[in-house]
There are 4 protein chains.
Amino acid sequence: MQSSTPAGRAGRPRSAAADTAILAATRAALVDLGWSKLTLQDVATRAGVAKTTLYRRWVGKNELVVDAVAELFDELRLPDRGSLAADIEGVVLQFAAILARPEAKSGLMAVVAESTRDAALRERIRTSIVERQKRLVLEGRARAQARGELPAEPDPVEAARTADLIFDVVAGAVVHRTLVSAEAADGEWVRSFARVLLWGLASLPHQPGLPQDHE
Amino acid sequence: MQSSTPAGRAGRPRSAAADTAILAATRAALVDLGWSKLTLQDVATRAGVAKTTLYRRWVGKNELVVDAVAELFDELRLPDRGSLAADIEGVVLQFAAILARPEAKSGLMAVVAESTRDAALRERIRTSIVERQKRLVLEGRARAQARGELPAEPDPVEAARTADLIFDVVAGAVVHRTLVSAEAADGEWVRSFARVLLWGLASLPHQPGLPQDHE
Amino acid sequence: MQSSTPAGRAGRPRSAAADTAILAATRAALVDLGWSKLTLQDVATRAGVAKTTLYRRWVGKNELVVDAVAELFDELRLPDRGSLAADIEGVVLQFAAILARPEAKSGLMAVVAESTRDAALRERIRTSIVERQKRLVLEGRARAQARGELPAEPDPVEAARTADLIFDVVAGAVVHRTLVSAEAADGEWVRSFARVLLWGLASLPHQPGLPQDHE
Amino acid sequence: MQSSTPAGRAGRPRSAAADTAILAATRAALVDLGWSKLTLQDVATRAGVAKTTLYRRWVGKNELVVDAVAELFDELRLPDRGSLAADIEGVVLQFAAILARPEAKSGLMAVVAESTRDAALRERIRTSIVERQKRLVLEGRARAQARGELPAEPDPVEAARTADLIFDVVAGAVVHRTLVSAEAADGEWVRSFARVLLWGLASLPHQPGLPQDHE
DNA sequence: TTTTAACCGAGACGGTACGTCGTGTCTTAGT
DNA sequence: ACTAAGACACGACGTACCGTCTCGGTTAAAA
């Protein structure tokens, strides 16, 4: 999380249970109140902890919420569904399911907004949330290349750039659909999105009622 | 905006100049302070206006910032650059340029985050910002269809759904690149993005050093 | 009151009815809200008049309330009850009855408090309220001297000083009883007070159950 | 004052020095600004304290000023000057000296005016200010009875009633002279007042130029 | 065992912004 | 020239939250 019994080890150690309780309380408060009405005193009370304990472990509301929201993305997995298209649809649906939860909705964009003026927060978001998600893109591409669905990348620099692009397209689309357009990224939407991602715009209008074998 | 001399015309009319000054002051404050440090008193002072005048015209900080940021998107145009690919690159670059400005960065995601718990704010964002942008997608598609680059849409419902999808992909990618990944959506990125959008993932690694004639 | 069609007489004349309505509305507002909650907008609304009209005729809340309260003391009279003792009791009872009304209670001490830092207001209170009351003291003394109950005053300076003293003792006792001690200045209290005033402290404990022929 | 570490003693204790500083700052603000211009923020700043600290200890401006003014009356004493007349003159002069101070002038009548619509405030004034003063009346009478200047009171109910009356006459006269008539209660006035109080109106005009041996 | 040092709860503290309200001025249109 | 209506600049209100601090009291590793 953030500490780890720094150097001197005398004295009473920090309660490990408190961390868990605090992060859970933060998510609960996000659900009930949303980002802007959430207060650290309220989180502390919900967690059965003093406000001081919160400040001893996190520098502020932003950092706390990043950690609380980051845990939501721990459950993201990339099970092998047999094809690149199916893998994409699977992971996008998972991502959409997480973003549909109010604690993610409320918290995620708020800390991103804050991070535009706070480099440390930006870095924390990158390591706690973004990188964790980006690994799935790399993993999915490797799997597709192993299957022969995608050609190998000769240039590693270009490969990284491409992975970043794909990540922004995938994550951005789901986030925008869910938060800005404020509509559900359901199965139908995900299938259409995966088609565009794989084959481009031209592929779109051709098979509106195409029979689907998954979901 | 929000008012317009409701019905009765008695009393001193609202100053039209104040609206302009307030929205400009809001953007200036966003640049200097960012969303979370922005105070309505500061905005009022910058605009040479009393705080009460702000509250008479906007219900709160969120609504004010939506209007202030929405004006930034007024300059979005879709000049005809001859091909769908060039049109996409052009408009995406414009969108990226706006999002690169600190007043947009600070304000946009913050109000989106707030809107997850406020239906009225969500609606305001939709009409003031989202719909304004979405029109460009419809316009670009119509132009591409006229050129023969895209087939006609037989089903209007499906056509709307598709436009929504494209909009979320385009806007989402730029927003995510700019705000979450926190990197510039520059010419190179935009070209790569447009290629994926048009022809899909498979098109990506084939022409890494393809000569480019625009930007 | 304060104006009177100054010199130029062109244009629409001021409504005389408005003055009456405003002062009555002020007293009503004093009863309902008290001094500190009273607002000029509320008074204007009660009087069916615009706030501007109020400011055109009075400089502020203090002056308005002085005038509104002053009218309450117009009803003070000094009917000849045959003896100095009876006259005193009669006028004190009248004064107590006025001070018992909530519009006087709320307003009077408030403007006095304000007047400690505002010479113009002090002067307005003196002419509108204090002098009006003090005349009764002079009148009562003259009558008592005519009856032979009090000796004539040889020195006019000393006579004025004495009248002021008596006035402060009488008015002060009733005001303090009513507002500070917050108890009613009823018949029994007034009789005891009159006895002290006429014959001094020593007269007090002797006839507690003395038969009374008036009130 | 008002608190006293209620029951549980957890948490940081309230600063005792703050109370003193706040009351002194309140009196200073009364001197500089008067009641109506006095703001709690200004008092807080003068006391080097946050506005919240004020609200934690007093419910409002009225209560704060009552406590600040009440302390002024702590210095009232009743030194034995040998005769009832001298005792009265002495204590009245002290009372007048306090009322002559601008912090008392500004604050006292204002809170009395407010108290006409606030029973809790009335009670606070009674216990903090009125009762403290009334004790001097009882003490002075007991001393005069011991000297044989006044007869003993057989009926305790009547004795209390009489003390109240004397108190209202004395305090009321000084208050009215100082605040309403807005003139100084100086030595000459006090001597005349004491004569009336002791021997009644009839005693007044007889010795206009009587030689005085005190003041 | 006894230190002993860091932990913990509670809650007061100095600050700052909030959104509301009242004041006194002004700018309209209407009488 | 007056009026009613209401917008305006200003500034105080009382509340809420922030992040810090100061207490009394606990807890576990080090001495």
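Lettering follows sequence order; numbering is per chain, from 1. Worth saying up front: this structure is predicted, and the values here are computed from it rather than measured.
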Rounded to whole Å, the CD-C1' distance (D:Gln41 to F:dG14) equals 12 Å

The answer to which of D:Ala50 and B:Lys37 contacts DNA chain E further toward the 5' end, by nearest nucleotide, is D:Ala50

Rounded to whole Å, the CZ-P distance (D:Arg56 to E:dA10) equals 17 Å

Check this one for me: any side-chain N or O of A:Arg57 less than 4.0 Å away from OP1 or OP2 of E:dC8? yes

Here the distance between atom P of F:dC2 and atom CG of C:Leu54, to the nearest Å, is 16 Å

- Query: Can a donor-acceptor pair under 3.5 Å be found between the side-chain atoms of D:Ser15 and the base atoms of E:dC13?
  - Reply: no

Whole-Å distance, A:Asp42 CG to E:dA10 P, equals 15 Å

Are D:Lys105 and D:Trp35 in a cation-pi contact, defined as NZ or CZ under 6.0 Å from the six-membered ring centre and within 45° of the axis?
no

In whole angstroms, the gap separating P of F:dC18 from CD of A:Glu114 amounts to 13 Å

*asked:* Please classify the nucleic acid contact of B:Lys51 as base, sugar-phosphate, or nothing, using heavy-atom distances under 4.0 Å.
replied: base

Atom OH of C:Tyr55 and atom P of E:dT25 are separated, to the nearest Å, by 7 Å

Sorted by chain and residue number, the salt bridge (charged side-chain N to carboxylate O under 4.0 Å, His left out) partners of A:Glu103 (sequence neighbours excluded) come out as A:Arg101

By side chain to side chain contact (heavy atoms under 4.5 Å, CB included), C:Ala28 pairs with (sequence neighbours left out) C:Arg46

Per nearest nucleotide of DNA chain F, the residue lying toward the 5' end, B:Thr53 or D:Leu40, is B:Thr53

As a check of understanding: the bend across the helix from E:dT1-F:dA31 to E:dT31-F:dA1, end axes from five pairs, rounded to 10 degrees, works out to 10°

| request: Inspect the contact between D:Arg27 and D:Glu71 and indicate whether a charged nitrogen and a carboxylate oxygen are less than 4.0 angstrom apart. | output: yes

With a 3.5 Å cut-off and heavy atoms only, can you find an N or O donor on one side and an acceptor on the other between the side chain of D:Thr52 and the base of E:dA12? no

Exercise for review: State, yes or no, whether a side-chain contact exists between D:Trp58 and D:Val66 at a heavy-atom distance under 4.5 Å.
Suggested key: no

Exercise. May I ask you to say whether B:Lys37 pairs ionically with B:Asp32, meaning some side-chain N is under 4.0 Å from a carboxylate O?
Key: no

Q. Using a cut-off of 4.0 Å on non-hydrogen atoms, how would the nucleic acid contact of B:Gly60 be classed: base, sugar-phosphate, or nothing?
A. nothing

C:Leu64 CG to E:dG24 C1', in whole Å, measures 14 Å

Between NZ of C:Lys61 and P of E:dT25 the distance, given in whole Å, is 16 Å

Nearest-nucleotide check on DNA chain E, D:Ala16 vs A:Arg12; residue mapping nearer the 5' end is A:Arg12

TODO: Please check if the side chain of C:Thr39 supplies one atom and the backbone of C:Asp42 the other of a donor-acceptor pair under 3.5 Å.
DONE: yes

